[in-house]
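None of the values given here were measured: they were computed from a predicted structure.
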Amino acid sequence: MTFWEFISDRLDRLLIQGICAAVAAFFLRATGTQPGVLVILFLALLLVFAAVQLSDFFRQRARLRELEAVLDGLDQKYLFAECVPFPKNLYERRLFDLTSRAGRAMTGAVSDAQAAQREYREYVEQWVHEIKTPITAARLICRELDGTTRRKLAGELARIEEHVERALFYARAESPERDCVIRQTELSELVARAVGNHRSLLIQSGVRVETEGLERSVYTDEKWAVFILGQLLQNAARYRGEEPVVTVSARSLGKQVQLTVADNGMGIPTHELPRVFGRGFTGSNGRARGGSTGMGLYLCKKLAGFLELGLEITSEEGEGTAVTLTFPAKENLTKL
């Protein structure tokens with residue numbers, strides 16, 4: 001709070017006090033008080049008035065700074081009403097009592113929302129694990145069918161598994177610390193697992209995967225990193241061009257490691273690049289090809305943020321897309 005904000009807030013009060021002072025001066029002058037005496041009285045009153053206003057200003061500013069310091073020190077800001085210093089006057093006591101009541105109501109609402117969110121997440125995780133059983137059974141049944149039908153049905157089952165996996169990681173992304181274990185792992189193993197998980201899709205799409213320089217160790221959560229790589233491979237297969245090729249390469253950048261997944265597919269229009277990580281954004285390619293949920297890159301960005309991975313995307317329409325993951329050095333990780 002600045003001094004001018006303090007004055008502007010009291011402007012109506014100051015105007016009334018000024019009018020009262022003018023009326024008192026007129027009355028004293030009318031009753032025969034000498035002008036010199038009036039000037040002395042006016043200066044004395046002005047000094048007292050200024051001292052009172054300055055005292056109120058410094059007191060209120062100090063109080064506001066004290067409250068702001070309490071608020072800044074809280075992780076859950078909605079608990080402010082429960083942590084404020086003891087009120088110093090009746091007005092503050094009444095005001096803080098109302099704020100505390102509102103804060104308790106908010107705390108209860110937040111607790112209920114968190115409990116509901118936790119229950120929903122647990123239900124989704126349970127559902128995902130249960131749905132894998134009929135999917136596996138359907139795959140076994142596929143083996144008894146003829147070649148063309150088997151391939152088509154296997155492809156559809158693969159798409160179902162992709163959506164199920166995405167739903168599972170979306171639920172886990174709400175509280176990633178519960179399911180995250182960061183440790184040293186080989187980059188080549190992460191890429192091999194991601195390619196293996198999506199082998200059927202890549203083969204059906206005619207996508208050739210080339211690797212380069214993957215003999216490096218990184219610190220990350222294996223399961224989440226494989227999921228992120230899998231989403232990038234799915235996008236490369238979905239938005240492929242003629243003779244599709246995906247190149248997965250790595251290079252050292254000081255103590256960091258950069259992994260790039262590049263394809264020669266449709267590419268992304270320049271004006272859409274800033275929005276590709278947005279929740280539910282499908283873009284013109286997604287609408288043209290169909291089947292896009294707009295959640296893949298959104299989840300990649302969200303999980304990469306928790307894993308402290310850098311995630312950048314470059315693309316040229318009609319030429320292809322490259323996504324670069326930057327794995328941090330071990331000493332820079334805060335969750336290790």
Side-chain angles (χ1 to χ4, degrees), residues 166 169 173 176 180 182 184-195 197-198 202 207-241 244-279 281 283 285-286 292 294-336:
R166 197 175 294 121
F169 276 88
C180 179
I182 295 180
Q184 185 177 12
T185 184
E186 295 299 320
L187 198 55
S188 57
E189 294 180 7
L190 295 178
V191 175
R193 286 179 55 187
V195 172
N197 291 345
H198 300 86
L202 296 171
V207 178
R208 187 174 79 254
V209 179
E210 298 179 351
T211 60
E212 179 183 348
L214 301 183
E215 297 76 20
R216 291 173 168 82
S217 296
V218 295
Y219 287 86
T220 189
D221 181 275
E222 297 179 16
K223 184 164 46 180
W224 289 19
V226 169
F227 172 79
I228 293 174
L229 291 174
Q231 296 303 301
L232 302 181
L233 292 174
Q234 288 180 37
N235 286 346
R238 181 176 293 115
Y239 305 116
R240 63 189 180 277
V245 178
V246 176
T247 303
V248 185
S249 60
R251 69 186 184 97
S252 297
L253 188 66
K255 293 184 178 181
Q256 297 177 328
V257 175
Q258 284 191 331
L259 177 69
T260 300
V261 180
D263 63 59
N264 60 347
M266 300 172 63
I268 303 171
T270 303
H271 67 279
E272 293 182 359
L273 274 176
R275 303 173 59 194
V276 294
F277 293 115
R279 183 177 182 274
F281 179 75
N285 291 339
S292 174
M295 297 299 293
L297 288 179
Y298 165 76
L299 284 174
C300 288
K301 187 68 173 180
K302 191 168 186 177
L303 297 179
F306 185 79
L307 294 175
E308 301 179 49
L309 301 178
L311 180 59
E312 298 179 354
I313 185 169
T314 58
S315 184
E316 186 174 346
E317 192 171 7
E319 297 295 330
T321 301
V323 180
T324 300
L325 289 168
T326 303
F327 292 85
K330 178 181 179 181
E331 54 269 25
N332 294 333
L333 284 167
T334 61
K335 300 180 179 67
L336 187 62

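- Residues Ala329 and Lys255 share a closest heavy-atom pair of CB-CB, 3.6 Å.
- Ala192 is linked by a side-chain contact (heavy atoms from CB on, under 4.5 Å) to nothing, counting only residues two or more places apart in sequence or in another chain.
- Taking both residues in full, the closest heavy atoms of Glu186 and Ser217 are given as OE2-OG, 2.8 Å, listed atom of the first, atom of the second, then distance.
- Proximity of Val195 to Val248: side-chain heavy atoms (C-beta onward) are nowhere separated by under 4.5 Å.
- Applying the side chain to side chain donor-acceptor pair (under 3.5 Å) rule to Gln256 yields no partners; only residues at least two apart in sequence or on another chain are considered.
- Among pairs with a residue in residues 309-320, those fulfilling side chain to side chain donor-acceptor pair (under 3.5 Å) read Ser315-Thr321, at least two apart in sequence or across chains.
- Applying the side-chain contact (heavy atoms from CB on, under 4.5 Å) rule to Lys223 yields the partners Phe169, Arg172, Asp179, Asp221; only residues at least two apart in sequence or on another chain are considered.
- Atoms CG and CD1, from Asn235 and Ile313 in turn, are 8.0 Å apart once rounded to the nearest 0.5 Å.
- To the nearest 0.5 Å, the span separating CE on Met266 from CZ on Arg240 amounts to 10.5 Å.
- From Tyr219, atom OH reaches atom NZ of Lys330 across 4.0 Å, with rounding to the nearest 0.5 Å.
- Shown here for Leu233 and Leu202, the closest heavy-atom pair between the two residues is O-CD2, 4.2 Å.
- Between Ala237 and Val207, the shortest heavy-atom distance links the atoms CA-CG2, 4.0 Å.
- Under the salt bridge (Lys or Arg N to Asp or Glu O under 4.0 Å) criterion, Arg208 pairs with Glu210, not counting sequence neighbours.
- Here the closest non-hydrogen pair linking Leu214 and Ala250 is CD2-CB, 3.9 Å.
- Going from atom CZ of Phe227 over to atom CG of Asn197 covers 11.5 Å, rounded to the nearest 0.5 Å.
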Practice problem: Begin with the C-alpha distance, continue with both residues' side-chain angles, and end with the deciding distance and a verdict on side chain to side chain contact (heavy atoms under 4.5 Å, CB included) for Leu232 and Leu297. | Solution: CA-CA 8 Å; Leu232 302 181; Leu297 288 179; 3.9 Å; yes
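- Put simply, the side chain of Pro328 reaches to within 4.5 Å of the side chain of Leu309, judged on heavy atoms.
- Taking all atoms of both residues into account, the shortest heavy-atom contact from Pro274 to His271 is CD-O, 3.7 Å.
- Applying the side chain to side chain donor-acceptor pair (under 3.5 Å) test to pairs two or more places apart or on separate chains, those with a residue in residues 258-270 are Arg251-Gln258, Gln258-Thr326, Thr260-Thr324.
- Remark: the backbone N or O of Leu190 is not paired with any side-chain donor or acceptor of Arg193 at under 3.5 angstrom.
- Under the 4.5 Å side-chain criterion, counting only non-hydrogen atoms from C-beta, Leu325 is in contact with Leu229.
- In terms of the salt bridge (Lys or Arg N to Asp or Glu O under 4.0 Å) criterion, Glu189 has no residue partners (sequence neighbours excluded).
- One distance of note links CD1 of Ile182 with CH2 of Trp224; it measures 8.5 Å at 0.5 Å rounding.
- Listed by chain and number, the residues in a side chain to side chain donor-acceptor pair (under 3.5 Å) with Lys301 amount to none (sequence neighbours excluded).
- Taking Arg279 as the reference, Tyr170, Met295, Tyr298 meet the side-chain contact (heavy atoms from CB on, under 4.5 Å) condition, with sequence neighbours excluded.
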